[in-house]
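What follows is a single structure, written as structure tokens, with notes after it.
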Amino acid sequence: MLLNAIDENFRGKYDFFYLPIDFKNKCNMGYAFINFISFLDIIPFSARFRFKKWDKFNSEKVCELTYARVQGKDELVQHFANSSLLSEDKKCRPLL
């Protein structure tokens with residue numbers, strides 16, 4: 001559902017998306033990683049989502065944006081390459 005909300009306006013504008021899942025509780029961890037192909041797309045993404053409630057979700061949480069420690073598609077792929085998440089359900093792996 002989160003990816004659908006993002007794809008409404010930003011499909012094709014990112015090359016990496018990962019929503020970490022808590023496999024024990026079977027819910028997301030409350031944050032995601034998204035790498036935009038062009039840094040310029042961060043501006044409209046921020047305008048659309050930052051400080052907004054997730055209307056399609058039963059939650060009072062609001063979206064906040066921050067720069068990740070690991071930057072760029074190649075670096076993100078390398079960072080998660082040895083992660084135990086790769087042995088979990090394929091639907092829960094990062095999308096490239």
Side-chain angles (χ1 to χ4, degrees):
M1 291 196 306
L2 174 62
L3 196 55
N4 290 337
I6 292 170
D7 280 349
E8 285 178 13
N9 295 299
F10 299 96
R11 181 184 302 272
K13 305 226 178 219
Y14 58 90
D15 56 10
F16 184 95
F17 176 84
Y18 175 49
L19 179 66
I21 300 296
D22 178 341
F23 294 104
K24 182 178 178 183
N25 295 317
K26 298 184 179 174
C27 62
N28 70 64
M29 303 284 278
Y31 59 91
F33 297 89
I34 186 167
N35 188 73
F36 288 96
I37 296 167
S38 169
F39 70 91
L40 295 174
D41 289 316
I42 296 169
I43 297 165
F45 184 86
S46 178
R48 168 67 181 91
F49 290 108
R50 190 166 187 227
F51 302 131
K52 303 283 182 7
K53 274 186 58 177
W54 295 107
D55 298 334
K56 297 179 182 182
F57 307 97
N58 185 22
S59 173
E60 293 298 315
K61 294 180 182 179
V62 296
C63 179
E64 178 57 87
L65 304 179
T66 186
Y67 289 99
R69 180 179 50 83
V70 179
Q71 292 288 313
K73 177 184 174 186
D74 294 339
E75 288 76 13
L76 287 161
V77 169
Q78 182 177 358
H79 176 77
F80 289 107
N82 297 320
S83 174
S84 62
L85 73 94
L86 296 180
S87 63
E88 298 292 341
D89 186 341
K90 289 182 180 181
K91 294 183 292 188
C92 299
R93 295 178 184 172
L95 300 176
L96 304 175

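FYI, the numbering just counts along the sequence from 1. In this text, all values refer to a predicted model and were calculated from it rather than measured experimentally.
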query = According to a 4.5 Å side-chain heavy-atom criterion applied to Ile, Leu, Val, Met, Phe, Trp and Tyr, with indirect links allowed, do L3 and F10 form part of one hydrophobic cluster?
reply = yes

message = Please determine whether residues F17 and I37 belong to a single hydrophobic cluster, defined as Ile, Leu, Val, Met, Phe, Trp and Tyr linked transitively by side-chain heavy-atom distances below 4.5 Å.
response = no

According to side chain to side chain contact (heavy atoms under 4.5 Å, CB included), who are the partners of [X], at least two apart in sequence or on a separate chain?
X   : value
D74 : none
K73 : D15, N35, V77, L96
S38 : L40, D41

note = Applying ring-ring contact (aromatic ring centres under 6.0 Å, His included) to F49 and not counting sequence neighbours gives F45, W54

message = Using the ring-ring contact (aromatic ring centres under 6.0 Å, His included) criterion, which residues pair with F33? Sequence neighbours excluded.
response = Y31, F80

key: Partner set under side-chain hydrogen bond (donor to acceptor under 3.5 Å, both in side chains) for N9, not counting sequence neighbours   = none

query = Tell me, do D7 and Y14 make a side-chain contact under 4.5 Å, heavy atoms counted?
reply = yes

key: Contact summary for P20 and A32, nearest pair of heavy atoms   = CD-CA, 4.1 Å

message = Would you compute the distance between atom CD1 of I6 and atom CD1 of I34 and round it to the nearest 0.5 angstrom?
response = 4.5 Å

message = More than 12 heavy atoms of other residues, nucleotides or ligands under 6.0 Å from CD of Q78: yes or no?
response = no

Quiz: residues 62-70 side-chain donor-acceptor pairs under 3.5 angstrom, not counting sequence neighbours:
{"unit_1": "E64", "atom_1": "OE2", "unit_2": "R50", "atom_2": "NE", "d": "2.9"}
{"unit_1": "E64", "atom_1": "OE2", "unit_2": "R50", "atom_2": "NH2", "d": "3.3"}

